[in-house]
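Notes follow once the structure below has been shown.
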2 protein chains.
Amino acid sequence: MSSLDGPENMPAPPPILNPAGGANQVRVRAYNERLVLSLVRLYGALSKADIARRSGLSAQTVSVIMRVLEKEGLLLRGDPVRGRVGQPSIPMHLNPDAVYSFGLKMGRRSADLVLMDFVGRIRMQLHRTYAYPLPHEILAFVTSGIQELEGRLDEKQRSRIAGLGIAAPFELWNWAEEVGAPAGAMEVWRDVDLQTDIAARVPHPVFLQNDATSACGAELVFGVGPSYPDFVYFFIGSFIGGGIVLNSAIFSGRTGTAGAIGPLPVRGKNGETKQLLEIASIFVLENMLRERGIDPEPLWYSADDWVDFGEPMESWIQDTAKALAQAIVAAASIVDFSAAVIDGGFPAWVRSRVVQATIDEAAKLDLQGVVMPEIIEGAVGAQARAIGGASLPIFARYLTDQNVLFKEVDHAERT
Amino acid sequence: MSSLDGPENMPAPPPILNPAGGANQVRVRAYNERLVLSLVRLYGALSKADIARRSGLSAQTVSVIMRVLEKEGLLLRGDPVRGRVGQPSIPMHLNPDAVYSFGLKMGRRSADLVLMDFVGRIRMQLHRTYAYPLPHEILAFVTSGIQELEGRLDEKQRSRIAGLGIAAPFELWNWAEEVGAPAGAMEVWRDVDLQTDIAARVPHPVFLQNDATSACGAELVFGVGPSYPDFVYFFIGSFIGGGIVLNSAIFSGRTGTAGAIGPLPVRGKNGETKQLLEIASIFVLENMLRERGIDPEPLWYSADDWVDFGEPMESWIQDTAKALAQAIVAAASIVDFSAAVIDGGFPAWVRSRVVQATIDEAAKLDLQGVVMPEIIEGAVGAQARAIGGASLPIFARYLTDQNVLFKEVDHAERT
DNA sequence: CAATAAATAAATCCAATTGAATTATTAATT
DNA sequence: AATTAATAATTCAATTGGATTTATTTATTG
């Protein structure tokens, strides 16, 4: 009954535990430094004494660590806080200019390259639209783009670039026709290893993650994450995708596709079973517009700048909300998420209407016994994917997403 | 857009990070000791050099740690392994008698008390059936039972008892009538804190966990866990319940009910929407038997000893398999589980037929785009809940479920 | 006997803690 | 207004304790 009946009949079980799990002083210091930076990031600004209280470390230890971090330029001291008994505390905050990171969002209709600083602000960006993406064009965009953006930095700033994080869809060759690519044009992507190809042309560490997962990560770090320890996330782009946050950490799963939620079966308008992505994707809206003779191109110029497309958009929002509501109930039946977060490559006013419609549709469903999550808007917006991508190099090097000492980095790194 | 626009407009975000997250030497040693024990447990037997390689620690460190653990009686040395060049290695394994632990499974129809050893073998057990559980009877059963079992141990053995782990259903008062309890009889449970009440009467640390989650934990540790890093688990008791394993660790969620899966909506025989627990629970079979004038009592005498109930059981297995198949597809759409594990309070031959029927039913569903998990039988069996309960004190004190240094224990401990 | 691997003893290193001292402030009292 | 007490932040110096490094011993194969 048990697999532990003794050493003799053990058929050498596979190694599941992290093989490099041991702890020592060097790793402890590295971990504590990341912990300090992460606490400062989470709270915006904290004094040494604050950090000592929150980390459980001694004041002396924190003092030493933070002095080092300040000397390295990662932390800046703010104005002393007076008004309370005792020596005034000196809040320390992240130096926004201490670290920069590139984020590349590559999509089915457009690509974005952003330069993000240490506190998550976008400092520069480039945007490009296309009918469909081709490897050599993407490569050219990212290499020339990085060159251009780096050209606007001085030597010192360039030395502070932590790397490039790519947010890209998996299996681009699927559904190529639905987005209007010529048959077979996307097949080239089957043999492309974007991470390796870009790493060969860029003098920085390169990271890669699914685009929706990246957006979810941005929401976790810069959006509603601090208020919700776990949530299911939907990002409506030309295709809908998603992500899952558990215990304040991205859960990407064995195959990296956890929370993909695109293929989730939902009941369509006429009672037929459809996949979520066949309803709640912007390409569907695009096709609806085209059918009615409306030019859909403005969808891709700038996500923050849609015009009101009237009836067809109204109809798309309704369908999308119905499908999202069902997906949320299904997810909530498996895991007791505290929130369902909805964002997308569209303006805030569209997002707001999608969310409200989803709340209304969810109320119509049978919720007996289900712990329903709060259905809320994402706080990051259309650039979430690029921001999430740009976060990858920073987190890999300076921050910790959880209080885990020796977690294996689940996104491979190439230098 | 970002929540990090500066310290001035931060409304003090809630503390999500573990407040006691700092690392120091004492904790490092405690962690490394647990890591060594966990590696030995996982592999059955390992030499010091093996542990050094697998943990990444230096040979000397491992040597010191394991000598201490051997001195404390937790590890035993096996026969030297010769046949290879160099000094023969000495495999070390857990001393089964180093630690004992009580496990109490309290259900709607029966209770079990087991004494488990350090390697997960049941050494003694008591069983009791009832029409429905009442607090004072459970308390009497556990206190007298522990007294009786401890009486069979000598003084030295008694001193090695790590604690008592309780596996019990949440919200016992729900569905009371369906299992034949008189209306209102289960209401008393609303005000009972079983953990506290038992802790007051038992001289050991007491832990509490949902019964299905406990069974899932037993499967993770003593069953298929070593072969599958993540799986969704179903335990068919008088009510069906479940659990979720992610990254080789139990995920119990914010409210402790993740993977409860009982209220999952599924389509019933006649196309109507039902909750999973209304179909795939043993109480349903019990009622079917009673309707046909068959005495259902043998269901509860011993889970390993059912008679073949013929047609009604056949019909129940079919219904159950249909519902389980739908639940598995729903779960797989959210998380890319590598397996769906089915076990229950019934004999292995029933489990085997349920699993085969579920595999057949799943094949009939639309699986387009879904990463389907392997549907397999649980390896632990009917006692999984009690074993999982008994594991709680052992894990809390001696082992680590993941390579997480300072995880907060998610089951409260009372001494 | 040479090569190899396991195991361990001794010395060294390093980061966290402890305890005491310093500094800067507010609060209370004269 | 001046003085004293209390409090809190920060840091210096000494200590602690566990991991690593280096070197040695032991046991085996070929």
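Residue numbers start from 1 in every chain, and the chains themselves are labelled A, B, ... in the order their sequence lines are given, proteins ahead of strands.
The distance between atom CG of A:L69 and atom P of D:dT10, rounded to the nearest whole Å, is 15 Å. Taking atom CZ of B:R77 as the reference point, atom C1' of C:dA6 lies 12 Å away to the nearest angstrom. Going from atom CE of B:M92 over to atom P of C:dA6 covers 15 Å, rounded to whole Å. Distance, B:D50 CG to C:dA5 C1': 12 Å, rounded to whole Å. Separating the CD atom of B:E33 from the P atom of D:dG17 is a distance of 14 Å, rounded to the nearest angstrom. To the nearest angstrom, P of C:dA7 lies 11 Å from CD of B:E70. Rounded to whole Å, atom C1' of D:dG18 lies 15 Å from atom CG of B:L35. In this structure, the CG atom of B:L75 is 13 Å from the P atom of C:dA7, given to the nearest Å.
Counting only distance, with no hydrogens or angles, the side chain of B:S55 and the backbone of B:I51 share a donor-acceptor pair below 3.5 Å. Checking side-chain atoms of A:Q195 against main-chain N and O of A:V206 turns up a donor-acceptor pair under 3.5 Å. A distance-only check finds no donor-acceptor pair linking the side chain of B:R53 to the backbone of B:K48 [under 3.5 Å]. A:R34 places a side-chain N or O within 3.5 Å of a backbone atom of A:F395 that can act as its donor or acceptor partner. No donor-acceptor distance shorter than 3.5 angstrom exists from the side chain of A:T213 to the backbone of A:Q209, with no hydrogens or angles considered. B:D117 places no side-chain N or O within 3.5 Å of a backbone atom of B:Y100 that could act as its donor or acceptor partner.
The distance between the ring centers of B:Y398 and B:F118 falls below 6.0 angstrom.
The phosphate of C:dA7 (OP1 or OP2) has no side-chain N or O of B:R67 nearer than 4.0 angstrom. Regarding contacts with the backbone of C:dA16, a side-chain N or O of A:N32 is found under 4.0 angstrom from either OP1 or OP2. OP1 or OP2 of C:dA16 lies within a sub-4.0 Å distance of a side-chain N or O belonging to A:R29. At the phosphate of C:dA6, OP1 or OP2 sits under 4.0 Å from a side-chain N or O atom of B:R53.
In this structure, B:K156 does not pair ionically with B:D97, as no charged nitrogen and carboxylate oxygen lie closer than 4.0 Å. A salt bridge links A:E155 with A:R158: the distance from a Lys NZ or Arg NE/NH1/NH2 to an Asp or Glu carboxylate oxygen falls below 4.0 Å.
Using a 4.0 Å cutoff on non-hydrogen atoms, the parts of residues 58-65 of chain B near DNA chain D are B:S58, B:Q60, B:T61, ordered by number.
Residues A:P88 and B:K48 both approach DNA chain C. Their nearest nucleotides, taken by heavy-atom distance, put B:K48 toward the 5′ side.
Closest to the side chain of A:I90, from the set C:dA5, D:dT10, C:dA9, is D:dT10. Comparing C:dT23, C:dA16, D:dT26 against the side chain of B:Q87 picks out D:dT26 as the nearest.
In the displayed structure, B:D154 atom CG is contacted under 6.0 Å by more than 12 heavy atoms of other residues, nucleotides or ligands.
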Distances under 3.5 Å between protein N/O atoms and the N/O atoms of nucleotides 3-6 of chain D, please, pair by pair.
none

